[in-house]
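By convention here, the first residue in the shown sequence is residue 1. We count ligands from 1, going down the list as the structure has it; atoms in each ligand are counted the same way.
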Amino acid sequence: MIPDSNGAAAHEAARRRTFAVISHPDAGKSTLTEALALHAHAITRAGAVHGKAGRRRLASDWMEMEKARGISVTSAVLQFAHRGCVLNLLDTPGHADFSEDTYRVLAAVDCAVMLIDAAKGLEEQTRKLFDVCRHRGIPVITFVNKWDRPGREALELLDEIEREFRLRPTPVTWPVGRAGCLRGLVDVRAPERMLRYTRTPGGVHEAAEEAIPAGRMAAAEGTDWERAVEELELLRAAGATHDHEAFMAGRTTPVFFGAAVSNIGVRLLLDAVVDLAPPPGPRELAGGGTRPLDAPFAGLVFKVQANMNRWHRDRIAFIRVCSGVFERGMAVTRAATGRPFATKYAHSVFGQDRSTVDIAYPGDVVGLVNAGALRVGDTLYADQAAVFPPMPTFAPEHFAVARPVDLSRSKQFRRGIAQLDEEGAVQVLVSDLRGDHAPVLAAVGLMQFEVVAARMAGEFAAPVRLETLPYRLARATDAAGAEVLGRSRIRGEALTRVRDKARLALFRDRWQANSFQREFPDARLDHLIAAHD
Ligand code: G4P
């Protein structure tokens, strides 16, 4: 093994924290992201432009449709420093229909902050994202947001997390005062005082934080304080205290309370990311074993995105550095082909903002511009070969035939479809019967089709007509299974996925698939990874 020259990779990795915020839309992810950046002094004002529409223009969302729908399809990375650490905050798409993208982003982080709305508790998308974290073994820190507004009881929210996620909450901060009447926070590691906040108008700057000794609290806050003390006592007696090993094993989640919009409790959360979130570690390889941090450079492509900026029609591959030191211009190899790959155009990307990256360490994300050949799941390495496990493709549940509206734009149509396929924006299925002028698009969520239609018209000047097919279920099959399905009476269809040449058998529903299987027990029909389990 050729280690990096001076152990810089392992040293720098130890001060990296790479994480994502997972939440249901509207729980406050954008607000929290901004508040974290404010506390890390990466920005000087938060909420400078109020409201979703305004903020979206500033932050990571760039497509017209994203702005209109308040979703973020693209993933970008915000890097900031805090207490000697470098924090990489990866943006996840805001909608369940992009669960494949979210899964890929979560493949690139070491920790997640699960954001919960104090009034709503666990919501549908929180559940799905948490499942992904559990599946990937990502430790989760919980932030209960919007404590400045009426909401549920703190203990009740903890119960819900424990019951639904089989995840033991271990509060690190505790609110004094019910949701909507927040008096302050107690840091359970220093319970002899309460932190009182004075928010700035509009939450533009950090809220001033003042520590009030417990002796004064009883007089000043009366029943709110007594109640908090009792609740803390209860939690202590129940053993709900942070245990690092249990947290790393995904059995517990440290919990924080606050209000992102007023910057309350955000500093404590930011400190927790530094103190509790794990730094990058050795990464599992496809063939077994791990890639040590100080092995030569190896990185994982977790996202490919074209035309992020309509003025630069380029394609960016986002790579998480997994080992070694990445230096711009270095010669790397693409594991899938064994061919060399140029790294001259390395950037950090957040929304429309780009800056050149000259050097990056494990945990960092590099955007390689014009990385036309790269695909999601690819491994790049220097000197010593590495292949990281492939990214799973989810079972599509919606199918539509795409045709160019204007036949004279067939070339642009084909180019656009191929591009979207390579990015993983949608799955493209073909068959001899249908031909490549009318491919079948397959999606996990319907909104993916909207993105396809918007991008085909906007970026490729090849508007498409999408004709929905009646299938809702896909199973993996093989050539023999496809042939049997083709000649059976059952109105399913066998198609080949362009991306990985997998053969998929499409059915209207589970019953139809089952009756096919009963009739042809030898035909291969395997389950695909379901996004909605
Ligand atoms: P998202 O990215 O998770 O979708 O959520 P986002 O940050 O856009 O926040 C959704 C709404 O919740 C916003 O209100 C935001 O101001 C509000 N919010 C976020 N954090 C808090 C909090 O701690 N307390 C309170 N009370 N509200 C919070 P909006 O009406 O969509 O926009 P705005 O005009 O209020 O900014």
Report the part of [X] (side chain from C-beta onward, or backbone N, CA, C, O) that has a heavy atom under 4.0 Å from ligand 1; answer both or neither where that applies.
| X | value |
| --- | --- |
| Asp148 | side chain |
| Val261 | both |
| Ser30 | both |
| Ala259 | both |
| Lys29 | both |

Euclidean distance, [Y] [atom2] relative to [X] [atom1], rounded to 0.5 Å:
| X | Y | atom1 | atom2 | answer |
| --- | --- | --- | --- | --- |
| Met456 | Ile417 | CE | CD1 | 4.0 Å |
| Thr379 | Ile319 | OG1 | CD1 | 10.5 Å |
| Arg320 | Asp364 | CZ | CG | 8.5 Å |

Note: [X]-[Y] ion pair, threshold 4.0 Å (strictly below):
| X | Y | result |
| --- | --- | --- |
| Asp271 | Arg267 | yes |
| Arg193 | Asp187 | no |
| Arg83 | Asp275 | yes |

Is [X] close to ligand 1, meaning an N/O of one under 3.5 Å from an N/O of the other?
| X | answer |
| --- | --- |
| Pro25 | no |
| Ser262 | no |
| Leu32 | no |

Point to revise | Per atom 17 (C) of ligand 1, closest listed option by heavy atom (Lys146, Gln125, Glu34, His24) | key: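 Looking at heavy atoms only, the winner is Lys146.
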**Study point:** Candidate with minimal heavy-atom separation from atom 15 (C) of ligand 1, of Asp26, Thr31, Val21
**Key:** Thr31
With a cut-off of 3.5 Å and sequence neighbours excluded, list every side-chain donor-acceptor pair involving residues 227-235.
{"from": "Arg227", "atom 1": "NH2", "to": "Glu153", "atom 2": "OE1", "distance (Å)": "2.6"}
{"from": "Glu231", "atom 1": "OE1", "to": "Trp174", "atom 2": "NE1", "distance (Å)": "2.8"}
{"from": "Glu233", "atom 1": "OE1", "to": "Arg236", "atom 2": "NH2", "distance (Å)": "2.8"}

